[in-house]
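I have placed the structure first, in the form of structure tokens, so that the comments after it can refer back to it.
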Amino acid sequence: MTARLIDGAALAAQARLGVQERVTQLARVGRAVQLTAILVGSTPAAEVYAENQSRTSHAVGIDYHLIKLPATATMDDVRAAIENLNDDPAVTGIMLHLPLPKQLDATVLQHAINPVKDVEGVSPANIGYVVYGHTLIAPCTALAVIELIKSTGVNLCGLEAVVVGASEIAGKPISLLLTEQKATVTLCHIETKHLIEHTRRAEVLVVAVGKAGLIGADHVKEGAIVIDVGINRITLPDGTKKTVGDVQFEAVSEKAAYITPVPGGVGPMTVAMLLKNTLRSAELLLQQNDTNTPT
Ligand code: NAP
């Protein structure tokens, strides 16, 4: 079997178009969508990431602001910045760039973001809402994985899904959203014994570890859907650098029914889901305001 490619870049472009249309409609009635990101301490990589985010946001009509705090900022400094943004009615979405300097606790600070404005869906409240089946804003990478699987037309209900990697940012939320879709989910991690025995059963295999080539053809069931979240920079024998996933793409393509490439799979879709969540935050705030406005 030669797998069909799940084209994350094309699907992301489609998703961005949908966001742009709705953002434009809201702008016409004077409701601007505004995302503010906080960057604590600056590295060249973080600056490039923030610059890209600014460009992608503006391309769909989202007003993007970046607040830069010094690397020496304290918990109180960052909490105060978040609280200002929570209180500012012009700000419809907030995100905190990671990683943070070591004196700062990311979980505590993410907890301080108003869950309705938490466009990354990472606050404990938003994760809790997913667990209780009342999703407000879901984590972007997990949403991207679900959208990519759904694009195949395959119904997740009752399928055997295996997620490899159990981080808070990727593996755990992915397994939660797969469970929400009524897949039967196995979550594998570093202590999982005989990983291959789990992955071989998977009708849907999602890999989010950060180890190039971890999953080969032997790990994969014939006809599986394989979603590769991993992003790894490797050096080829001739010294050139290349970005690859956690899955041995060519070998696994011979066995899977569908596969995502790296780059061009989960990455662009995650960016599109951040924009979609930013729009969702703005719409949720509008609903709240309309409910609170006396008639
Ligand atoms: P992480 O925090 O390092 O988590 C990796 C997870 O994999 C941990 O649960 C780890 O277990 C587990 N693990 C490590 N080796 C394993 C093995 N041999 N078998 C099974 N599980 C193993 O990384 P992350 O933030 O989740 O990111 C994972 C990868 O996805 C990275 O390459 C990252 O760049 C990429 N990523 C991509 C996107 C995107 O938008 N495309 C978004 C997020 C992440 P322990 O913690 O117990 O060691």
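Hydrogens, waters and symmetry mates are skipped; everything else that's a heavy atom, side chains included, is used. FYI, the numbering just counts along the sequence from 1. First listed ligand is number 1; within each ligand, the first listed atom is number 1.
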Q: Would you give the length of the straight line joining atom OG of S167 to atom CD1 of I174, rounded to the nearest 0.5 angstrom?
A: 7.5 Å
Q | E283 and R22 ion-paired at < 4.0 Å | A | yes
(Q) Side chains of D76 and T74: any donor to acceptor distance under 3.5 Å? (A) no
Q | Side-chain donor or acceptor of T92 paired with backbone N/O of Q34 under 3.5 Å | A | yes
Q) With side chains defined as the heavy atoms from C-beta onward, is the minimum distance between V247 and V220 less than 4.5 Å? A) no
Q | ligand 1: protein residues within heavy-atom distance under 4.0 Å | A | T141, V164, G165, A166, S167, I169, A170, H189, I190, A208, V209, G210, K211, L214, V229, G230, I231, V266, G267, T270
Q) Is there a donor-acceptor pair under 3.5 Å between the side chain of N126 and the backbone N or O of P115? A) yes
